[in-house]
Student: 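Please find one structure pasted underneath; my questions will follow.
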Amino acid sequence: MLTLHAAEASPETAVLVDGARIAAVGPYEELAEAHQDARLRRWPGILTPGLLNPYAPELLERIYHPDPREADTYGTAPVTGERAAEILRADPARLGASARRGVQRMLAHGTVAVAGELRTRGALDAVRRAGLAVGRRPEVLPGPPALSPTPLILLPRLAPGGPARFAVFDVADTAELVRRGASTCVATVIDGRLVHRSR
């Protein structure tokens with residue numbers, strides 16, 4: 001089934017998805033007229049190719065992402081530093097579940113690709129199961145590791161025939177996205193699947 005994704009602030013970059021691939025990219029009105037049978041998903045903000053987060057090892061293997069049921073013990077925010085290392089040393093089996101929760105947080109920040117050498121099966125499996133692309137890590141990382149790193153790394157322009165992988169941010173333009181960060185993400189699509197939706 002065809003799905004047409006369009007964002008209010010970037011109507012010139014609507015995306016028609018057929019399964020896991022992009023069937024067409026172009027102005028919303030043109031694609032909607034040509035494909036009236038397509039399911040329509042309208043979003044606020046801008047539709048982008050999504051982000052590459054170069055800090056996969058730091059975010060998925062060196063930070064502990066607590067289960068909501070552990071909030072009384074660890075809180076709800078990611079646990080960093082020596083405390084995270086202690087948690088993961090005490091029970092290495094926690095790493096896989098933590099990495100899966102970390103991937104969900106990355107998806108909620110418009111991440112569709114990661115970079116950095118992952119060394120643990122739990123983190124590798126979490127990335128693979130989510131369908132995240134794996135890219136090349138920049139030689140110089142400005143740091144520190146973050147779900148919304150500075151600077152943001154946008155992937156190349158979307159093209160017909162390419163993988164249906166993109167993210168939508170509730171901002172007026174890319175300048176506002178850079179200023180406000182990736183927490184403005186309202187939707188993330190990977191292989192044609194809506195893997196994150198905030199509204």
Student: Measure the CD-CG distance between E61 and L95 for me, rounded to the nearest 0.5 Å.
Tutor: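 The CG atom of L95 is 6.5 Å from CD of E61, to the nearest 0.5 Å.
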Student: Within the 4.5 Å heavy-atom criterion, are I190 and L107 side-chain neighbours or not?
Tutor: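 SC-SC contact between I190 and L107 confirmed.
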Student: Would you give the length of the straight line joining atom CG of D191 to atom CZ of R21, rounded to the nearest 0.5 angstrom?
Tutor: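 Atom-to-atom, D191:CG and R21:CZ are 8.0 Å apart.
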Student: Go through the steps to decide whether Y74 and R83 satisfy the test side-chain contact (heavy atoms from CB on, under 4.5 Å), and finish with yes or no.
Tutor: CA-CA 10 Å; Y74 300 118; R83 190 175 188 214; 3.6 Å; yes
Student: Please confirm whether R62 makes a cation-pi placement over Y55, using NZ or CZ under 6.0 Å from the six-membered ring centre and within 45° of the ring normal.
Tutor: no
Student: What do you reckon, is CZ of R121 surrounded by more than 12 foreign heavy atoms closer than 6.0 Å?
Tutor: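 Atom CZ in R121 is not crowded, with 12 or fewer foreign heavy atoms closer than 6.0 Å.
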Student: Within the side chain of R197, is there an N or O that forms a donor-acceptor pair under 3.5 Å with the backbone of A187?
Tutor: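 Pair absent, no side-chain N/O of R197 close to backbone of A187.
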Student: For residues C185 and S198, report the shortest heavy-atom separation together with the two atoms involved.
Tutor: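 Looking at all heavy atoms of both residues, the closest pair is O-OG, 3.7 Å.
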Student: Ignoring hydrogens and geometry, is there a side-chain-to-backbone donor-acceptor pair from D173 to E176 under 3.5 Å?
Tutor: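 Judged by distance alone, yes, a pair lies under 3.5 Å.
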Student: Can you check side-chain contact (heavy atoms from CB on, under 4.5 Å) on E117 and R137, steps first, answer last?
Tutor: CA-CA 9 Å; E117 184 180 358; R137 189 165 179 156; over 6 Å; no
Student: Going by side-chain contact (heavy atoms from CB on, under 4.5 Å), I46 matches just one of T184, V171, D170. Which one?
Tutor: V171
Student: Taking a hydrophobic cluster as the set of Ile, Leu, Val, Met, Phe, Trp and Tyr residues connected by side-chain heavy atoms closer than 4.5 Å, whether directly or through intermediates, do L154 and L47 fall within one such cluster?
Tutor: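 L154 does not cluster with L47.
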Student: Side-chain heavy atoms nearer than 4.5 Å, only ILVMFWY residues, links allowed to pass through others: does that put L59 and V195 together?
Tutor: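 Yes, same cluster.
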Student: Could you pull out the closest heavy-atom pair between A14 and L4, with the gap in Å?
Tutor: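 Taking A14 first and L4 second, the nearest heavy atoms are CB-CD1, 4.1 Å.
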Student: Does the side chain of R101 come within less than 4.5 Å of Y64's, by heavy atoms?
Tutor: yes
Student: State yes or no: do L40 and F166 share one hydrophobic cluster built from I, L, V, M, F, W and Y residues joined by side-chain heavy-atom distances below 4.5 Å, directly or via other members?
Tutor: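 No, it is not one cluster - the side chains of L40 and F166 are not joined through contacts under 4.5 Å.
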Student: Starting from the C-alpha separation in whole Å, work towards a yes-or-no answer on side-chain contact (heavy atoms from CB on, under 4.5 Å) for N53 and H109.
Tutor: CA-CA 10 Å; N53 192 310; H109 285 75; over 6 Å; no
Student: Quick one: closest heavy-atom pair of V168 and P44, and the distance?
Tutor: CG1-O, 3.4 Å
Student: Between A84 and V79, what is the shortest heavy-atom contact and its length?
Tutor: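 Result for this residue pair: CB-O, 3.1 Å.
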Student: Could you measure the distance from the CG atom of L52 to the OG1 atom of T111? Nearest 0.5 Å is fine.
Tutor: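 Between L52 CG and T111 OG1, I get 8.0 Å after rounding to 0.5 Å.
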Student: Once you round to the nearest 0.5 Å, how far does OG1 of T188 lie from CZ of R193?
Tutor: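 Between T188 OG1 and R193 CZ, I get 11.5 Å after rounding to 0.5 Å.
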Student: Scan L132, I22, V112 and name whichever one has a side-chain contact (heavy atoms from CB on, under 4.5 Å) with R165.
Tutor: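 With R165 as partner, side-chain contact (heavy atoms from CB on, under 4.5 Å) holds for just one option, V112.
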Student: To the nearest 0.5 Å, what is the distance between CD1 on I87 and OG1 on T73?
Tutor: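 Interatomic distance, I87 CD1 to T73 OG1, rounded to 0.5 Å: 9.0 Å.
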Student: Got R42 and Y28 here, is their nearest side-chain heavy-atom distance under 4.5 Å?
Tutor: yes
Student: Would a hydrophobic clustering, with Ile, Leu, Val, Met, Phe, Trp and Tyr connected at side-chain separations under 4.5 Å, put V17 with V25?
Tutor: yes
Student: Is T48 reaching over with its side chain to a backbone N or O of A167, donor-acceptor style, under 3.5 angstrom?
Tutor: yes
Student: Do D125 and R128 meet the salt-bridge criterion of a basic N to acidic O distance under 4.0 Å?
Tutor: yes
Student: Please answer whether the main-chain N or O of R69 pairs with a side-chain N or O of D67 as donor and acceptor at a distance below 3.5 Å.
Tutor: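 Yes.
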Student: Just checking R89: does its CZ atom have more than 12 heavy atoms from other residues, nucleotides or ligands closer to it than 6.0 angstrom?
Tutor: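 It does: R89 CZ has more than 12 such atoms within range.
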Student: Take atom CD of E86 as the centre, draw a 6.0 Å sphere, and report whether it contains more than 12 heavy atoms from other residues, nucleotides or ligands.
Tutor: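 Enclosed.
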Student: Nearest 0.5 angstrom please: E58 CD to I63 CD1, how far?
Tutor: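 Rounded to the nearest 0.5 Å, the CD-CD1 separation comes out at 8.0 Å.
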Student: Would you call the rings of H5 and W43 parallel, tilted or perpendicular, where under 30° means parallel and over 60° means perpendicular?
Tutor: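 The arrangement is parallel - the two ring planes meet at less than 30°.
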Student: Give me the atom names and distance for the closest heavy-atom approach of A7 to G45.
Tutor: CB-O, 3.2 Å
Student: Test H35 against D37 for side-chain contact (heavy atoms from CB on, under 4.5 Å), laying out the working first.
Tutor: CA-CA 5 Å; H35 302 279; D37 58 335; 4.2 Å; yes
Student: Show the nearest heavy-atom pair for residues A99 and L60, with the distance to one decimal.
Tutor: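 Minimum heavy-atom contact is O-CD2, 3.7 Å.
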Student: State plainly whether one hydrophobic cluster holds both V134 and L124, where clusters connect Ile, Leu, Val, Met, Phe, Trp and Tyr through side-chain heavy atoms under 4.5 angstrom apart.
Tutor: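 Result: yes, single cluster for both.
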